[in-house]
Amino acid sequence: MKTSFAVQRQWMLCISVFLTSMKLETRAENELAGHLQKLGSHRPADQAVSSIWHTPAAEDFYERYVSRSMPVILKGAMKTSPAFPNWTDEYLRKKFGQTEFEVDLNKVDDRLARTTVMRLSRFLEIYQLTDTYLVQTVPMAMRAELDLLPCLRCGGFLHNLQDVVMWFSAGGTKSKLHLDTVENLNCLISGTKEWFFVHPDHRNLISLDRTDSDFSSVDVDRVNMLESPGLAQVPWWSAVTQAGDCIYVPHQWIHQVNSFQRNLAVNIWWTPMQSFNKSDCQDKVFADGVSSLDQFPFIPGEQIRYFLRQMVQKHDGKLTFNQIHKLLLNEHTGEHLVSARSFSSLDHNGDGLLTLDDVELLPARVLSDAVDAPPGDINTVGQSQKAFSPGVQSVKETWLDDENDADDQKRDEGPEGKLNQKKHLRDKMQMKEEL
């Protein structure tokens, strides 16, 4: 009896301790600001990104914002571009409808998400009814209707242009909390975007645990502050951009973006610059008024130079072939991007080492040939998506051919029209997800 009573008391004590700890944990969760709430709910924004109502000249833009790593909103800067008034759904359908684009099947940023290829005309038919999200480099024909802003037309910006990307959805898209290794000017043609920014000085408070792509796996709609305690303390800046606005996003600023309404934006990425070069600011090309983006070259070799420079500096000024072979990967496939043969083209003086002199002296073309991958696919710390999701890879497929389009049209001509169309599209999307 005594033994049984002692065991019973021990069990009761254990249960009491467990319930007490649960109460304390629940209290801690309740008292932790922003816990299981939207990103940014832990405290009001400490600062709003400033706005200016003019587009500065290139040197002024560089000195005031780029060299100081200071975000800024250029109010109305996009309104001078032909795309701003013209790029309605109807206009895009008529002029560029046959152009093919890669489309995400999920509005929430997922680097492993299934993608599909479809004509723009088809995307325009379904994007308001589904979670499709178009994110792709702007085709050359469409670049002719986009102006390069005066703030990027000289001083070295032109020699560092990397990509121009279109982001198009019905709204409701959410990015991961992430940082970019490129400079960014995001220009909004329609809709609204809300931005969450963290200054690089506070990067230590945020875990970018997905080192394959410099982003955090935190759920931006329900932030678990117990798992990410730094986010409960981090100061942050807010910004809202509206149709016609452009926002400068400095590289290394951690940020997250939410989009609303019909949302169409174009952003320009360029390689971070070490200085401003005035020598090309009087070039005849600007006097002649050339401004459309199809007239300017994009040079991926300069971003590769930037990556290699950073890598060499982190490794005491030199890298062996074995080191660079291990570290430089395709972030999606895990493929090694530098072979022994391509390393020899990088090793300018043939001493078996990649040094800063090699990196700075090599032409951009040699760099892009040696590292055969778009800069956006390059990981410099030896990580890839395979390391985080073994056996899982993004899938690209061609969806909705002419025959299926005809079937869809017949099905949508019933008495319930749009409801039939919406249900059918959702069913088709679900079937794709289950493949």
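FYI, the numbering just counts along the sequence from 1.
Checked for salt-bridge contact, Arg262 and Asp89 meet the test: a charged N lies under 4.0 Å from a carboxylate O. Using a cut-off of 4.0 Å between Lys/Arg side-chain N and Asp/Glu carboxylate O, Glu63 and Arg68 are scored as not salt-bridged. Using a 4.0 Å cut-off between charged side-chain N and carboxylate O, Asp221 and Lys38 make no salt bridge. Salt-bridge formation is detected for the pair Arg309/Glu360: a Lys NZ or Arg NE/NH1/NH2 atom is positioned less than 4.0 Å from an Asp or Glu carboxylate oxygen. Salt bridge Lys107/Asp104: absent, no basic N to carboxylate O contact under 4.0 Å.
Annotation: the span from Ile304 atom CD1 to Asp369 atom CG amounts to 9.0 Å, rounded to 0.5 Å.
The disulfide bond (SG atoms under 2.5 Å apart) pairs that include a residue from residues 202-258 are Cys187-Cys246, where partners are two or more places apart or lie in different chains.
At least one side-chain heavy atom of Val66 sits under 4.5 Å from a side-chain heavy atom of Tyr248. Between His178 and Leu208 the shortest side-chain heavy-atom distance does not fall below 4.5 Å.
A side-chain donor-acceptor contact under 3.5 Å links Asp294 and Ser292. Checked by atom type, the side-chain pair Ser342/Ser345 shows no donor-acceptor distance below 3.5 Å.
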Return all side-chain donor-acceptor pairs below 3.5 angstrom for residues 197-207, not counting sequence neighbours, or 'none' if the list is empty.
residue, atom, partner, partner atom, Å
His199, ND1, Asp201, N, 2.9
Arg203, NH1, Gln252, OE1, 3.1

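For the pair Arg143 and Phe298, the cation-pi criterion (under 6.0 Å, within 45° of the ring axis) is fulfilled.
Proximity of a side-chain donor or acceptor of Thr241 to a complementary backbone N or O of Ile73 within less than 3.5 Å is not detected.
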